[in-house]
Amino acid sequence: QVQLVESGGGLVQSGGSLRLSCAASGGTFNAYVMAWFRQAPGKEREFVSAISWSDETYYSDSVKGRFTISRENAKNTVYLQMNNLKPEDTAVYYCAADRNYCSGSGCDPSSYEYDYWGRGTQVTVSS
């Protein structure tokens with residue numbers, strides 16, 4: 001059983017930056033695709049970014065060029081560096097993990113059925 005704990009959320013002004021962290025325990029971290037999703041009030045949860053076991057990265061169009069995902073296997077942690085934040089980035093951000101060995105442009109981590117989820121961390125961007 002994998003446990004995921006997010007941290008790093010908060011209140012930031014438009015144009016600012018935050019770095020989210022997701023610490024994993026209870027599994028073989030480097031065997032998992034790690035992803036970030038977000039859910040804004042009244043909206044469905046949406047895919048933000050993912051990183052494969054081989055460090056391939058994937059981003060939604062809405063965050064491409066502003067957000068960077070990375071992982072540190074020695075610390076069982078995945079990060080999401082968020083720059084140039086906009087009010088529309090306001091949401092609860094969730095970390096997710098899936099044992100999936102797909103890697104490369106033919107993969108679609110936004111559609112995986114993730115096995116494990118964290119409880120989320122709130123990100124609020126003021127205008």
Side-chain angles (χ1 to χ4, degrees):
Q1 189 77 4
V2 175
Q3 290 82 43
L4 303 174
V5 179
E6 303 95 336
S7 62
L11 173 64
V12 65
Q13 288 187 334
S14 182
S17 298
L18 283 174
R19 188 177 82 153
L20 305 184
S21 299
C22 172
S25 60
T28 307
F29 180 75
N30 59 6
Y32 287 87
V33 171
M34 301 299 297
W36 290 95
F37 287 77
R38 67 187 181 187
Q39 187 166 19
K43 295 188 177 182
E44 293 187 356
R45 186 173 60 199
E46 65 171 350
F47 171 81
V48 175
S49 181
I51 185 166
S52 75
W53 65 276
S54 59
D55 289 343
E56 295 274 353
T57 58
Y58 307 83
Y59 299 95
S60 67
D61 289 342
S62 62
V63 308
K64 198 173 295 183
R66 299 188 297 123
F67 290 11
T68 302
I69 191 170
S70 61
R71 65 191 299 161
E72 190 170 358
N73 290 338
K75 293 187 176 182
N76 288 357
T77 301
V78 62
Y79 304 99
L80 186 69
Q81 177 66 44
M82 305 186 296
N83 297 329
N84 190 22
L85 282 161
K86 305 175 181 180
E88 52 264 42
D89 294 318
T90 295
V92 177
Y93 283 70
Y94 297 93
C95 177
D98 184 55
R99 186 182 285 270
N100 188 311
Y101 290 100
C102 187
S103 183
S105 59
C107 306
D108 181 12
S110 69
S111 66
Y112 296 167
E113 293 186 3
Y114 288 84
D115 296 319
Y116 305 103
W117 293 84
R119 292 190 173 186
T121 185
Q122 176 71 46
V123 171
T124 303
V125 184
S126 63
S127 57

Please check if [X] and [Y] belong to a single hydrophobic cluster, counting links between Ile, Leu, Val, Met, Phe, Trp and Tyr side chain heavy atoms closer than 4.5 Å.
X	Y	result
Y58	V48	no
Y93	V33	no
M82	Y59	yes

Is any side-chain heavy atom of Y94 less than 4.5 Å from a side-chain heavy atom of Q39? yes

So how far is it from [X] [atom1] to [Y] [atom2], rounded to the nearest 0.5 Å?
X	Y	atom1	atom2	answer
L20	F67	CG	CZ	8.0 Å
N100	Y112	CG	OH	4.0 Å
R71	D55	CZ	CG	6.5 Å
I51	S103	CD1	OG	10.0 Å
M34	N76	CE	CG	9.0 Å
E88	S14	CD	OG	7.5 Å

Sequence neighbours left out, what passes salt bridge (Lys or Arg N to Asp or Glu O under 4.0 Å) with [X]? Give chain and number order.
X	value
K43	none
R66	D89
E46	R38

Note: with side-chain heavy atoms under 4.5 Å as the link, the other cluster members for W53 come out as Y101

Does V5 sit in a hydrophobic cluster with other residues, and if so which ones, taking ILVMFWY side chains as linked at heavy-atom separations under 4.5 Å, directly or through other members? none

Minimum heavy-atom separation for [X] and [Y], please, with both atom names.
X	Y	answer
D98	D115	OD1-OD2, 3.2 Å
S111	D108	OG-O, 2.8 Å
V78	C95	CG1-SG, 3.9 Å

What residues, two or more places apart in sequence or in another chain, satisfy side-chain contact (heavy atoms from CB on, under 4.5 Å) together with [X]?
X	value
T77	S21, A23, K75, Y79
N83	S17, Q81
Q1	Q3, Y116

Scan the side chains in residues 120-127 for donor-acceptor partners under 3.5 Å anywhere in the protein, sequence neighbours excluded, and list what turns up.
residue : atom : partner : partner atom : Å
T121    : OG1  : G9      : N            : 3.2
Q122    : NE2  : A91     : O            : 3.4
Q122    : NE2  : T124    : OG1          : 3.3

I need the full list of ring-ring contact (aromatic ring centres under 6.0 Å, His included) pairs touching residues 3-42, with sequence neighbours left out, sorted by first then second residue. F37-F47, F37-Y114, F37-W117

Pairs where residues 32-93 contributes a residue and the test disulfide bond (SG atoms under 2.5 Å apart) is met, not counting sequence neighbours: none

Who passes side-chain hydrogen bond (donor to acceptor under 3.5 Å, both in side chains) against S60, sequence neighbours left out? S62

